[in-house]
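No hydrogens, no waters, no symmetry mates; every other heavy atom, side chains included, goes into these values. First listed ligand is number 1; within each ligand, the first listed atom is number 1.
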Amino acid sequence: MAEKFIPVADHRVLHPVPVVPARLEAPAGLLADALARPLHDLRISVTDRCNFRCVYCMPKEVFDKDHAFLPQSSLLTFEEVTRVARLFIAHGVHKIRLTGGEPLLRRHLDKLIAMLAALRTPSGDPLDLTLTTNASLLARQAQALKDAGLKRVTVSLDALEERTFRRMNDVDFPVADVLRGIDAAHRVGLGPIKINMVVKRGMNDHQILPMARHFKGSPFILRFIEYMDVGASNGWKLDEVVPSSEVVRMISEEMPLLPVDSNYSGETAARWRYADGGGEIGVISSVTRAFCSDCTRIRLSTEGKLYTCLFATAGHDLRTLMRQGRNDEEISTVIAHLWRARADRYSEIRSLATEALALRGPKVEMSYIGG
Ligand code: SAM
Ligand code: SF4
Ligand code: SF4
């Protein structure tokens, strides 16, 4: 039998420390990148660890007992995270999503949430502060997260069928505990809650209809995500992607769907509503319909590296700048320069020229910079 070995590059050594420009500038609250895209969303990874081993994200054979996760000293402190967030808000960010790894594994996360929730945009508004979680620890943390100032949660759930869900998370975690977490979050008011299902052909595509039936008419918005070629370790193949068009057709045959206009420019999910008034679903077509032209997101890794694209091969080391004692104006100017230089549009390019990707270096893992 062929050995299943997938090499994983260590992206944590590839990060340049940004050069601080000689001319410093004050943030104007509005930045545009090289493709005229504004900066609105910051995703912050608060841990690179996870208690799941989802086959499409942290496959067991790579993230095994020998995998070197980040030591505590490498992690940004809550003060450092809050400082970076504050600088980004001055540049126009108004939405922050905490992610990971599994963010609820980060100790005292509610304290970080309270610190972020106290921040205000230049016009005095609170942030849209959300979190993405596998919900394994949500039932016991929901109230504390809400009390700390978290607005909403998005929960990942790839199947309702026990056997399939356990195969997807690969640590034998039961569905019922995730459903309990979702209910607890709903009860304490962390809604509207979105439920994300990554669809991998041959693994959980038979769960599309049961998931749609289950969440139809509920307060939860189910979203189907195309399995992406993120990272270097999931052994991605195009034929394992179930195109969103297929998902919509499949559901619509049983429960007719109508398109809905998007809420705002930059929204990643295309929305559909049930013709009979049973609520809505979303589809995120990261592979078949790239949305790079509307991408307003930047990502901060657990150890303070900035990534201007989910598919970037290297991050920009803000932690070193902070720990060198650089002041706010210096770091803020660095951020402005990084965003203005941003020309990433990986998904669009992938759609245009898949073969050119072979020339690129290894991509960063989703569990490291967060989804
Ligand atoms: N652990 C948390 C969770 O699973 O919700 C947060 C981090 S996880 C990396 C964020 C999101 O990325 C999840 O919804 C997950 O399903 C999604 N994701 C991870 N790998 C993916 C892939 N290869 N393709 C599409 N989505 C992926
Ligand atoms: Fe963990 Fe989330 Fe990745 Fe699954 S998708 S392995 S829960 S980080
Ligand atoms: Fe944004 Fe990069 Fe994804 Fe395109 S590929 S949508 S630029 S993160």
Side-chain angles (χ1 to χ4, degrees), residues 33-35 37 39-41 43-60 62-63 69 97-106 130-138 153-159 165 168-171 173 178 181-182 193-200 203-204 223-237 240-242 244 266-269 284-287 289-299 301-302 307-313 342-351 357 363-371:
D33 73 4
L35 303 175
R37 296 169 294 191
L39 170 58
H40 287 328
D41 319 65
R43 295 200 174 185
I44 302 174
S45 172
V46 293
T47 177
D48 61 335
R49 291 161 199 261
C50 190
N51 52 348
F52 282 15
R53 286 293 176 272
C54 301
V55 288
Y56 51 77
C57 180
M58 295 178 79
K60 246 183 190 165
V62 177
F63 294 87
F69 289 100
R97 177 176 295 280
L98 300 181
T99 177
E102 174 44 46
L104 301 190
L105 286 179
R106 179 80 187 246
T130 72
L131 174 149
T132 304
T133 173
N134 63 23
S136 55
L137 303 168
L138 190 54
V153 292
T154 296
V155 172
S156 304
L157 175 63
D158 296 327
F165 184 62
M168 292 295 278
N169 67 53
D170 218 8
V171 292
F173 197 85
V178 174
I182 295 171
I193 298 175
K194 292 176 184 149
I195 313 286
N196 280 352
M197 170 180 178
V198 175
V199 184
K200 188 171 175 194
M203 263 322 263
N204 66 337
R223 306 187 317 166
F224 298 91
I225 304 182
E226 288 177 352
Y227 168 46
M228 283 189 288
D229 54 332
V230 70
S233 58
N234 65 12
W236 184 86
K237 292 193 217 73
E240 289 169 339
V241 177
V242 178
S244 296
E267 190 171 43
T268 48
I284 302 182
S285 315
S286 335
V287 177
R289 239 181 108 236
F291 35 80
C292 300
S293 58
D294 280 338
C295 180
T296 57
R297 278 186 298 280
I298 196 158
R299 293 175 160 84
S301 80
T302 314
Y307 288 83
T308 53
C309 176
L310 181 54
F311 296 93
T313 51
R342 175 184 188 250
D344 306 278
R345 50 185 201 102
Y346 174 87
S347 291
E348 279 180 2
I349 293 169
R350 171 191 44 208
S351 315
L357 299 179
K363 300 186 297 290
V364 74
E365 298 299 327
M366 187 99 152
S367 56
Y368 169 67
I369 56 169

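The Tyr227 neighbourhood of ligand 1 comprises atoms 23 (N), 24 (N), with distances under 4.0 Å to a heavy atom of that residue. Of all atoms in ligand 2, numbered sequentially from 1 with element shown, those under 4.0 Å from a heavy atom of Gly101 are 8 (S). Atoms of ligand 1 lying under 4.0 Å from at least one heavy atom of Glu226, given by number and element, are 25 (C). The atoms of ligand 1 that sit less than 4.0 Å from any heavy atom of Thr99 are 6 (C), 7 (C). Close approach to Glu102 involves these atoms of ligand 1, each under 4.0 Å from a residue heavy atom: 1 (N), 2 (C). The distance from ligand 1 to the heavy atoms of Gly100 drops below 4.0 Å at these ligand atoms: 7 (C), 9 (C). Atoms of ligand 1 found under 4.0 Å from any heavy atom of Val198 (numbered from 1 in listed order, with element): 16 (O), 25 (C), 26 (N), 27 (C). Taking every non-hydrogen atom of Gly101 and a distance limit under 4.0 Å, the qualifying atoms of ligand 1 come out as 1 (N), 2 (C), 6 (C), 7 (C). Within ligand 2, counting atoms from 1 as listed, the ones closer than 4.0 Å to a heavy atom of Met58 are 6 (S). Ligand 1 places these atoms under 4.0 Å from at least one heavy atom of Asn134: 2 (C), 3 (C), 5 (O).
Using modelled atom types, one finds a donor on one side chain and an acceptor on the other under 3.5 Å when comparing Asp344 with Thr308. Judged purely by distance below 3.5 Å, without hydrogens or angles, the side chains of Thr133 and Glu102 pair a donor atom with an acceptor atom.
Residue contacts with ligand 2 do not include Gly100, since none of its heavy atoms lies under 4.0 Å from the ligand. At a 4.0 Å cut-off, not a single heavy atom of Cys54 sits close enough to ligand 1 to count as contact.
Residue Leu104 holds its CG atom at 10.0 Å from OG1 of Thr132, rounded to the nearest 0.5 Å. Distance check, rounded to the nearest 0.5 Å: CG of Leu131 to OG1 of Thr154 gives 8.5 Å. Distance check, rounded to the nearest 0.5 Å: OH of Tyr227 to CD of Glu240 gives 5.0 Å. Atom OG in Ser293 sits 10.0 Å away from atom CZ in Phe291 (nearest 0.5 Å). Taken from CD in Glu226 to OG in Ser285, the straight-line distance is 4.5 Å, to the nearest 0.5 Å. Note that the CG atom of Asp41 and the SG atom of Cys295 stand 8.0 Å from one another [nearest 0.5 Å].
Counting heavy atoms from C-beta outward, Leu137 and Leu105 have side chains that approach closer than 4.5 Å. Using a 4.5 Å heavy-atom threshold, the side chains of Tyr307 and Arg43 count as separate.
Across Ser156, Cys57, Pro103, heavy-atom proximity to atom 14 (O) of ligand 1 is greatest for Ser156. Of the listed residues (Ser45, Cys57, Cys54, Pro103), the one carrying the non-hydrogen atom nearest atom 3 (Fe) of ligand 2 is Cys57.
When only interatomic distances are considered, the shortest N/O to N/O separation between Thr154 and ligand 1 does not fall below 3.5 Å.
Proximity of Asp229 to ligand 1, defined as any heavy-atom pair under 4.0 Å, is not found for any part of the residue.
Of all the heavy atoms in Met197 and Asn204, the pair that sits closest is CE-O, 3.4 Å. Shown here for Arg223 and Ala269, the closest heavy-atom pair between the two residues is NH1-CB, 3.9 Å. In terms of heavy atoms, Phe165 sits closest to Val178 at CZ-CG2, 3.8 Å.
Closest protein heavy atom to atom 2 (Fe) of ligand 2: Cys50 SG, 4.5 Å.
Legend: protein N/O/S atoms lying under 2.8 Å from atom 4 (Fe) of ligand 3, waters omitted, number 1.
Salt bridge status for Arg342 with Asp33: present, with a side-chain N to carboxylate O gap under 4.0 Å.
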